[in-house]
2 protein chains.
Amino acid sequence: MASDMETITYKNTKGRQAILAFLRKSDYPVTAVKIYNAAKKEGINFSTVYRCLNFFVGKGLIHKEVSPDHVSLFSLASHPDKHVIVCLKCHKRVEIEGCPYEEANKALEKGTGFKIVDHNAEIYGICPECQKKASE
Amino acid sequence: MASDMETITYKNTKGRQAILAFLRKSDYPVTAVKIYNAAKKEGINFSTVYRCLNFFVGKGLIHKEVSPDHVSLFSLASHPDKHVIVCLKCHKRVEIEGCPYEEANKALEKGTGFKIVDHNAEIYGICPECQKKASE
DNA sequence: CTAGCTGCAAATCCTTTGCAAGAAA
DNA sequence: TTTCTTGCAAAGGATTTGCAGCTAG
């Protein structure tokens, strides 16, 4: 009798451990390059980093998004769904408390009949400091 | 006396006209490839397409976003900021009237001091039809 | 005429892949 | 052992760039 839940089994390798460990310490989504820089200390290759990353993304353990400059950003799926505003000038990132879109999404569910499973928001702007600099 | 509004001047070339014309007819953000396919009938080169696109993006006339598969999507900045919900099962896309996050973003500006310039939201869920199928 | 565009081809950046060797279970 | 993973190097796709020739203003 087959389980309807796909059994998630995989080999526990140095590379996968290193990647997961690094991601656990990361507060923000990080690039593959950063992950690689951490992983290469363990002798892990760049393609392995990508392969592990995609493996975990497929398993739903890691969340992947694409930044405006075409770079993939990875984060643990278990991390709370933090949103950030990114400053387009200085690239500072500021975390947002809670999800500002939760209510809007509930309204959307009612309006569309969709059951919303996931959402991903990137918010870009100019931070107070850069606004000040620009006006000087 | 200098205007505080940057004067937007540029040469009116065949390539730029073609790109703008094509974008005016497009309801959704489109890839550079699609734009190129339209523009090449006028003998426009691929690099020119990209160069014009980036030129207009810099001028604020065209909006650029990146899709999850790392492809740039372009749309006229004057087009309303349409969001869509994508069904995770059948990949159907449903347009959302207006921007559900407009109010939330205003609150965010107040809360963070950021001047929000752009935002990008991907909303994923299960559409009514697929929900029904799943429960049968 | 002259600054600003364009075409072409080569380059770059991020990411993926084929294949043989290596390691977990 | 057997299957899954890795390293390496090469390929791939999207986007950018250098440079010389072209063109709108």
Side-chain angles (χ1 to χ4, degrees), chain A residues 6-23 26 28-75 86 88 91 120 122, chain B residues 6-23 26 28-75 120:
Chain A
E6 189 195 351
T7 310
I8 298 186
T9 56
Y10 51 84
K11 292 189 178 175
N12 191 21
T13 65
K14 205 163 46 166
R16 290 177 178 178
Q17 284 173 8
I19 288 174
L20 250 17
F22 182 75
L23 246 25
S26 306
Y28 299 119
V30 289
T31 63
V33 175
K34 284 196 184 141
I35 297 170
Y36 168 65
N37 283 335
K40 72 180 172 194
K41 294 170 194 159
E42 325 277 329
I44 306 300
N45 188 62
F46 219 140
S47 1
T48 302
V49 168
Y50 271 109
R51 267 192 287 229
C52 291
L53 250 10
N54 286 333
F55 171 84
F56 285 131
V57 169
K59 293 274 181 263
L61 293 179
I62 285 183
H63 183 248
K64 171 183 176 178
E65 62 194 280
V66 184
S67 77
D69 44 350
H70 288 243
V71 187
S72 297
L73 300 174
F74 302 90
S75 55
V86 184
L88 289 171
H91 298 103
N120 181 7
E122 295 134 36
Chain B
E6 188 196 350
T7 309
I8 298 184
T9 56
Y10 51 84
K11 292 190 177 174
N12 191 21
T13 65
K14 207 163 45 167
R16 291 178 178 178
Q17 283 174 10
I19 288 173
L20 250 17
F22 182 77
L23 247 26
S26 307
Y28 296 117
V30 289
T31 63
V33 175
K34 284 194 183 142
I35 297 170
Y36 168 66
N37 284 334
K40 73 179 170 195
K41 294 169 194 161
E42 325 276 329
I44 306 300
N45 187 63
F46 219 140
S47 358
T48 303
V49 169
Y50 272 109
R51 268 190 286 227
C52 292
L53 250 10
N54 286 333
F55 171 83
F56 285 132
V57 168
K59 294 275 182 262
L61 293 180
I62 286 184
H63 182 248
K64 171 183 177 179
E65 62 195 279
V66 185
S67 76
D69 44 350
H70 288 249
V71 186
S72 296
L73 300 173
F74 302 89
S75 54
N120 182 7

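Here is the naming used below: chain letters follow the sequence lines, and residue numbers restart at 1 for every chain.
Considering only heavy atoms from C-beta on, B:Ser72 comes within 4.5 Å of A:His70 through its side chain.
Here C:dT6 is the nucleotide among D:dT16, C:dC14, C:dT6 with the atom lying nearest to any side-chain atom of B:Cys52.
With rounding to whole Å, A:Phe55 atom CZ is found 11 Å from D:dC4 atom P. Across the protein-nucleic acid pair, A:Tyr36 atom OH and D:dT6 atom C1' stand 13 Å apart, rounded to whole Å. Atom pair B:Asn54:CG and C:dT6:P shows a separation of 12 Å (rounding to whole Å applied). Whole-Å rounding puts the A:Arg16 CZ to C:dA23 P distance at 15 Å. The distance between atom CD1 of B:Ile35 and atom P of D:dA14, rounded to the nearest whole Å, is 14 Å. Taking atom CG on B:Leu53 and atom P on C:dC5, their separation rounds to 15 Å, with Å as the unit. Between A:Glu42 atom CD and D:dG7 atom P there is a gap of 11 Å when expressed in whole angstrom units. Look at CD on A:Gln17: it is 14 Å from P on D:dT5, rounded to the nearest Å.
For the side chain to side chain contact (heavy atoms under 4.5 Å, CB included) test, residues two or more places apart in sequence or in another chain that qualify with A:Pro29 are A:Glu65, A:Leu73, A:Ser75, A:Arg93. Residues forming a ring pair (Phe, Tyr, Trp, His ring centres under 6.0 Å) with B:Phe56 (at least two apart in sequence, or on another chain): B:Tyr10. Under the side chain to side chain donor-acceptor pair (under 3.5 Å) criterion, A:Ser26 pairs with no residue at all, not counting sequence neighbours. The ring pair (Phe, Tyr, Trp, His ring centres under 6.0 Å) search around B:Phe22 returns none, not counting sequence neighbours. Taking A:Phe46 as the reference, A:Tyr36, A:Tyr50 meet the ring pair (Phe, Tyr, Trp, His ring centres under 6.0 Å) condition, with sequence neighbours excluded.
Take the nearest nucleotide of DNA chain D for A:Gly15 and for B:Leu73: the residue whose nucleotide is more 5' is A:Gly15. In terms of position along DNA chain C, the nucleotide closest to B:Val49 lies nearer the 5' end than the nucleotide closest to the other residue of the pair B:Val49 and B:His70.
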Q. Between A:Val33 and A:Val49, is a side chain to side chain contact (heavy atoms under 4.5 Å, CB included) present by the stated rule, with each step listed?
A. CA-CA 9 Å; A:Val33 175; A:Val49 168; over 6 Å; no

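Remark: B:Asn45 is in phosphate contact with C:dC8, judged by side-chain N or O atoms under 4.0 Å from OP1 or OP2.
Residue B:Ser72 is in sugar-phosphate contact alone, with no base atom involved, counting any heavy-atom pair closer than 4.0 Å across all strands shown.
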Q: Can you check each nucleotide of nucleotides 17-25 of chain D against protein heavy atoms at under 4.0 Å and return B for base, S for sugar-phosphate only, - for none, in 5' to 3' order?
A: BBB---BBS

